[in-house]
Structures are given as C-alpha cells and as structure tokens.
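Throughout, residue positions are numbered sequentially from 1 according to the sequence presented. As the structure is a prediction and not an experimental result, all values here were calculated from the model.
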Amino acid sequence: MIEFFQTYIERPVFNLLEFIYAAIPGHDLGLSIIIFTIIIRLALWPLVRKQLHQTKAMRKLQPELKKIKKAAAGDKQKEARLQMELYKEHGVKPFATIGTLIVQIPIFIALYQSVLKLIKDPNVLLTYAYEPIKNMSYIKELGSDITQFDHTFLGLVDLSQAGLGSTGIYFPAILLGIIAAIVQFYQSKMLLPDAKDSRKLSTILKDAGSGQQADQSEVSAAVSRGMIYFLPGVTFIFAISVPSALSLYLITSAAVGIVQQRRVLTEDEEDMKELSDEVTITIEETKPKPKTKKKKKAQSKKKRR
C-alpha cells in the first residue's frame, strides 16, 4: 500500500512541484507551491463545483426536512424514507460533498512527504525525479551544485521552518499560520446558512434535557456553526507545527476555494434573479390593461346621452 501511494500519488506530486520549480523564473519554492496548488484546485474544479451545488441544495432543503421530521412523529423508518424521497426528487446526494475532501487528502499528504524529503536532503531533486525533469537545464545545474537549491518564499520566509520547533519560535511561520486560520474561517463561513433564526447548540441541548425532542437538522446546523470557529484553531495549531511550506499550501488552497465558492454563489444569485424577472413579466402580462383616455371619453359621452 505504501509503495502504491509513493509510486502513483507521492512521486507524481513531487515531480509536478519540481517541474514548476525548475520552469519558473527565479526558481522560488514558495511561488512553486502557490502555482502547484492553483493547478490542483483548477483540476478539481468540476468536482468542487458539484460539491458546492450539493452543499447549497442540502442547505435549501432544511425547512423541508423539518416538516418531514414533524410528519414522521418519531417514526425513524418513515422519516428516513421521506428524506430519501426528498433527496431523490431534488437530485441531492448527501454523501457527494465528501468527494473533494477524499481526493485532496492524499495530495496534501503527498505534498507533505515531498516537502520533508526536500528539507532532509535536496539531492532528492535528482534521485526522485522522472527522467525528462532530470534533463531540465536548471535541474542539471543543481546536479553540479545542490547548494543552489533555495527553500524560501521570495527570499523572506524559510519554508523548511515550523512556527514552533526545536530551534524556537519562527515568527514568519507563525504569521502564515494565522493567515491560514483566517482564510479557512472565511471559506467555511461563506457556505453557512443565515443564522438569524437559528438556536445555539447549548439552547437546543438544554431544551432536550427538559424533555423536548431535539431536531437533528437543527443540531447539525448548530454544530456546523460551531465548527467554523473550531477548525481555524486546529488549522493554526497544525500550521505552526509543520514546515511553513504546508501553511502556504493551506492559504492558497483556501483562497482559491473562496474564489470558486463566490463564483458558484454568484451563479445561483443570477439564476434566482432571472427566475424573479420571469415571474414579474408573467404577472405583468396577466394584469388587466388600463383603459385609454379615448375609451374613457367615449364612455362618458354614452353616459351623457
């Protein structure tokens, strides 16, 4: 299994990153990671777009799910059957949203392993590369003098350093960790439904303790709202504990994700506007046309006669 992962996932990821590093002017590792991440996110765009539409569809069905729960009156089998019928009617696949995550995790692990290899021994650029990449001019230069390899971002941030490591605190990596947490928070918040009428999880649990039956969809929504504050904290702790190259990947991935989410949300808003315009036109067409002044004058003459 490990050999399969190294051969078909880790090595292709490593070679793509090395190709970008060797091809771009300046041979900046940080810029290489940013370009690498953008390429991966764009390659995953069809899957990401499908996931976002599924997420939005699930969010819009929350009122209907509440009605189903009330109609089922505690009958779990009936509730499950009605939910599946609702999902089928609207073309929703509840577990389709995890597809992008499943694909991204191996890529992230492969990048992590690649970065560790580079930090431990830059000669891996020669030993782990495919033959065409070994023949690139800059890689040949590194072969004659491996000390030319630069693992910084714009010459300012040492991407091999962690925010908190054996050498102490490295503040540029801490800053990248903070940015990663902030961007991740904003990305998660974009997909949350409007929480004006939503109750806090503590309130739901308190009511459940007093004998009221908890609405599972309401509980799930409350947990999701809590997670947008919890996950950035986990992201920050992770980001400052690993080489800052991974923080740069997280920041870029989340930033591109925000752009992609905004595009899908904008498309949905335009669709809703078009639908609203169609309804308005239909209503206008069905309204009775006002009488003209000539018709009014003719009617008044008839009344005088």
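- No more than 12 heavy atoms of other residues, nucleotides or ligands sit less than 6.0 Å from atom OH of Y8.
- Contact annotation: the side chain of F19 never approaches that of P132 to less than 4.5 Å [non-hydrogen atoms, C-beta and beyond].
- When the side chains of ILVMFWY residues are joined at heavy-atom separations under 4.5 Å, either directly or via intervening members, I240 and L231 end up in two distinct hydrophobic clusters.
- You'll find the side chain of L52 reaches within 4.5 Å of the side chain of Q261, heavy atoms only.
- Here the shortest heavy-atom pairing between V264 and W45 reads CG2-CH2, 3.8 Å.
- Contact detail for L126 and G143: the closest heavy-atom pair is CD1-CA, 3.6 Å.
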*Show the numbers, then the answer: is there a side chain to side chain contact (heavy atoms under 4.5 Å, CB included) between Q104 and S253?*
CA-CA 10 Å; Q104 288 188 79; S253 182; 3.7 Å; yes

*asked:* For T37 and I251: C-alpha separation, side-chain torsions, deciding distance, then whether side chain to side chain contact (heavy atoms under 4.5 Å, CB included) applies.
replied: CA-CA 10 Å; T37 310; I251 292 169; over 6 Å; no

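- Atoms CE and CG, on M84 and L82 in that order, are 11.5 Å from each other to the nearest 0.5 Å.
- One distance of note links CG of L125 with CG of L17; it measures 9.0 Å at 0.5 Å rounding.
- Cluster membership check: I237 does not share its hydrophobic cluster with V183, using side-chain heavy-atom separations under 4.5 Å among Ile, Leu, Val, Met, Phe, Trp and Tyr.
- Of all heavy-atom pairs between F236 and A181, the closest is CB-CB, 4.0 Å.
- Inspection of the E141 and S137 side chains reveals no N or O donor paired with an N or O acceptor under 3.5 Å.
- Side-chain contact between R262 and M190 is present, with heavy atoms from C-beta onward closer than 4.5 Å.
- Of all the heavy atoms in A162 and A173, the pair that sits closest is C-CB, 3.8 Å.
- A continuous path of ILVMFWY side-chain contacts below 4.5 Å connects I24 to I38, so both sit in one hydrophobic cluster.
- Heavy atoms from other residues, nucleotides or ligands lying under 6.0 Å from CG of L156 number more than 12.
- Looking at L159 and T152, their side chains never come closer than 4.5 Å, going by heavy atoms from C-beta outward.
- Each of I109, L111, V103 was evaluated against I107; a single residue qualifies, V103, per the side chain to side chain contact (heavy atoms under 4.5 Å, CB included) test.
- Taking each heavy atom of Y21 and S32 in turn, the nearest pair found is CA-OG, 3.1 Å.
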*Assess whether side chain to side chain contact (heavy atoms under 4.5 Å, CB included) is satisfied between L248 and I34, documenting all intermediate values.*
CA-CA 7 Å; L248 194 59; I34 291 173; 4.1 Å; yes

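- Shown here are the side chain to side chain donor-acceptor pair (under 3.5 Å) partners of Y128, two or more places apart in sequence or in another chain: E10.
- Between S241 and L164, the closest side-chain pair of non-hydrogen atoms is not below 4.5 Å.
- Looking only at side-chain heavy atoms (C-beta outward), I33 and T252 stay at 4.5 Å or farther from each other.
- Annotation for F149: atom CZ counts as buried by contact number, over 12 foreign heavy atoms lying within 6.0 Å.
- Q6 and R11 are not linked by any side-chain donor-acceptor pair at a separation below 3.5 angstrom, with hydrogens and angles left out of the test.
- Each of F108, F238, F153 was evaluated against Y249; a single residue qualifies, F108, per the ring-ring contact (aromatic ring centres under 6.0 Å, His included) test.
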*asked:* Could you walk me through whether D150 and H27 satisfy the side chain to side chain contact (heavy atoms under 4.5 Å, CB included) test, starting with their C-alpha distance in whole Å, then the side-chain angles of each, then the deciding distance to 0.1 Å, before giving a yes or no?
replied: CA-CA 8 Å; D150 181 16; H27 312 292; over 6 Å; no

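- Side chains of Y170 and V157 form a contact here, defined as non-hydrogen atoms less than 4.5 Å apart.
- Test V124, I9, I133, V115 against F14 for side chain to side chain contact (heavy atoms under 4.5 Å, CB included) and you get one pass: V124.
- The cluster map of Ile, Leu, Val, Met, Phe, Trp and Tyr, joined by side-chain heavy atoms under 4.5 Å apart, puts I174 and L246 in different clusters.
- In this structure a side-chain-to-backbone donor-acceptor pair under 3.5 Å is present from Q260 to R41.
- Taking CG of L29 as the reference point, atom CD1 of I20 lies at 10.5 Å (rounded to 0.5 Å).
- The distance from the CG atom of L142 to the NZ atom of K134 is 13.5 Å, given to the nearest 0.5 Å.
- Neither Y186 nor I182 shares a network with the other; the hydrophobic side chains, linked directly or stepwise wherever heavy atoms of I, L, V, M, F, W or Y lie under 4.5 Å apart, form separate groups for each.
- No donor-acceptor pair closer than 3.5 Å links the side chain of S160 to the backbone N or O of I119.
- I258 contributes atom CD1, which lies 9.5 Å from atom CD of Q184 (distance to the nearest 0.5 angstrom).
- Side-chain atoms of H151 and D158 include a donor-acceptor pair closer than 3.5 Å.
- A salt bridge links K67 with E64: at least one charged nitrogen is closer than 4.0 Å to a carboxylate oxygen.
- The environment of OH in Y138 is crowded: more than 12 heavy-atom neighbours from other residues, nucleotides or ligands sit within 6.0 Å.
- The backbone N or O of Q161 sits less than 3.5 Å from a side-chain atom of S244, completing a donor-acceptor pair.
- When side chains are defined from C-beta on, K120 does not count as touching L116, because their heavy atoms never get closer than 4.5 Å.
- Taken from CZ in F230 to OG1 in T235, the straight-line distance is 9.5 Å, to the nearest 0.5 Å.
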